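Before any comments, here is the structure.
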Amino acid sequence: MPDAPARLFASDNASGVHPRYLTAIERVNVGHALAYGQDTATRDATALFAELSGRPVEVLFTFGGTGANVLALACLLGRAESIVCTEWAHIAVDETGAPERALGVKLQTFPAPDGKLKVEHIEFAVQALGNVHHAQPGVVSISQPTEMGTLYSLDEVRQLCDVAHKHGLRVHLDGARIGNAVAALGATRTC
């Protein structure tokens with residue numbers, strides 16, 4: 001067997017805190033500050049997210065990826081809507097059923113040997129729109145990179161978003177490994 005890699009990129013839960021994060025925490029861990037986003041560090045972080053995306057953003061900080069996904073999906077879902085994703089999606093496989101349990105939502109999974117959702121999957125799912133006897137797709141969820149290690153090109157992401165939006169669906173991006181995707185695609189921004 002080969003030696004274990006020096007760094008594991010499978011999950012943010014697989015390693016300790018990077019020293020720069022600890023330094024940043026030490027820097028802001030002085031005195032007293034109001035909670036729930038009223039502190040300077042939260043305002044500064046939100047401003048940095050807005051600068052990175054080039055537009056105003058609302059940031060909802062969570063502890064861990066599962067909480068982030070559940071909260072994001074809760075914000076996107078309408079009444080009686082389902083989530084369209086692949087059979088390998090993190091929300092379908094690795095989060096111990098949290099989205100289904102916490103949100104009471106149906107995950108409509110599609111086979112994807114490479115882990116990538118296809119436009120055809122969305123087109124198939126939206127055939128149920130308007131039929132009261134079927135789950136109503138409301139959100140498309142993709143992971144970038146996928147759980148299989150594949151990457152969506154920027155054109156593939158645009159195509160998925162265009163088709164989803166054409167049918168009134170919102171798009172959720174599980175970005176647990178988004179930094180890896182940005183580096184692999186040679187991008188300087190995530191938007």
Side-chain angles (χ1 to χ4, degrees), residues 1-15 64-78 80-131 133-187 189-191:
M1 294 290 291
D3 290 338
R7 298 276 185 252
L8 296 175
F9 295 102
S11 172
D12 57 352
N13 301 323
S15 65
T66 299
N69 282 334
V70 169
L71 180 59
L73 291 166
C75 291
L76 293 172
L77 284 164
E81 288 184 332
S82 63
I83 300 169
V84 176
C85 59
T86 73
E87 63 187 342
W88 297 108
H90 204 78
I91 61 172
V93 176
D94 296 308
E95 295 186 332
T96 322
E100 293 158 311
R101 171 73 175 161
L103 302 173
V105 66
K106 179 181 182 69
L107 298 180
Q108 292 184 262
T109 60
F110 288 89
D114 63 355
K116 293 165 88 172
L117 194 70
K118 308 285 190 265
V119 166
E120 305 84 71
H121 297 142
I122 300 170
E123 293 289 1
F124 181 83
V126 298
Q127 292 177 38
L129 287 172
N131 185 332
H133 300 290
H134 294 268
Q136 299 295 290
V139 173
V140 169
S141 181
I142 61 173
S143 299
Q144 177 73 326
T146 72
E147 290 70 20
M148 307 304 282
T150 54
L151 288 167
Y152 290 97
S153 69
L154 295 179
D155 283 340
E156 287 174 313
V157 173
R158 280 189 198 100
Q159 289 171 1
L160 291 170
C161 290
D162 288 347
V163 170
H165 296 156
K166 178 177 86 172
H167 295 288
L169 282 64
R170 279 85 53 214
V171 179
H172 165 258
L173 174 74
D174 185 330
R177 296 169 301 279
I178 193 70
N180 296 15
V182 170
L185 293 170
R189 294 173 61 146
T190 56
C191 305

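No experiment lies behind these values; they were computed from the predicted model shown.
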Within the 4.5 Å heavy-atom criterion, are Thr86 and Thr146 side-chain neighbours or not? no
Which atom names give the shortest non-hydrogen contact between Pro137 and Ala128, and what distance separates them? CD-CB, 4.4 Å
Are any of the side-chain heavy atoms of Leu160 and Val119 separated by less than 4.5 Å? yes
CG (Leu76) and OG (Ser141) are apart, to the nearest 0.5 Å, by 9.0 Å
Which heavy atom of Leu73 sits nearest a heavy atom of His172, and at what distance? CD2-CG, 3.7 Å
Which heavy-atom pair separates Leu117 from Cys85 by the least distance, and what is that distance? CD1-C, 3.8 Å
Test log, rule salt bridge (charged side-chain N to carboxylate O under 4.0 Å, His left out), inputs Lys166 and Glu123: CA-CA 10 Å; Lys166 178 177 86 172; Glu123 293 289 1; 3.6 Å; yes
Point-to-point distance, once rounded to the nearest 0.5 Å, from CD of Glu95 to CG of Asp174: 6.0 Å
For Glu81 versus Gly78, what's the shortest heavy-atom pair and its separation? OE1-N, 2.5 Å
Correct closest heavy-atom pair for Glu87 and Ala92 would be O-CB, 4.4 Å
Measuring from atom CZ of Phe110 to atom CD of Glu120, what distance do you get when rounded to the nearest 0.5 angstrom? 10.5 Å
Pairwise distance CD1(Ile142) to NZ(Lys116) - rounded to 0.5 angstrom: 10.0 Å
Determine whether Leu77 and Ile83 make a side-chain contact, defined as any pair of heavy atoms from C-beta on separated by less than 4.5 Å. yes
Flag, side chain of Arg101 to backbone of Pro99, donor-acceptor distance under 3.5 Å: no
Quick check: are there more than 12 heavy atoms from other residues, nucleotides or ligands sitting under 6.0 Å from NZ of Lys106? no
Please answer whether the main-chain N or O of Tyr152 pairs with a side-chain N or O of Gln144 as donor and acceptor at a distance below 3.5 Å. yes
On a heavy-atom basis, the closest approach of Met148 and Asp114 is CB-O, 3.6 Å
To the nearest 0.5 Å, atom CG of Leu151 lies from atom CD of Glu156 at 9.0 Å
Taking the side chain as every heavy atom from C-beta outward, state whether Leu129 and His167 have any atom pair closer than 4.5 Å. yes
Candidate pair Val93 and Glu147, rule side-chain contact (heavy atoms from CB on, under 4.5 Å), full reasoning: CA-CA 10 Å; Val93 176; Glu147 290 70 20; over 6 Å; no
Are Val171 and His165 packed together at the side-chain level, in the sense that at least one heavy-atom pair is separated by less than 4.5 angstrom? yes
Would you mind reporting whether Phe124 and Val84 have side-chain heavy atoms less than 4.5 Å apart? no
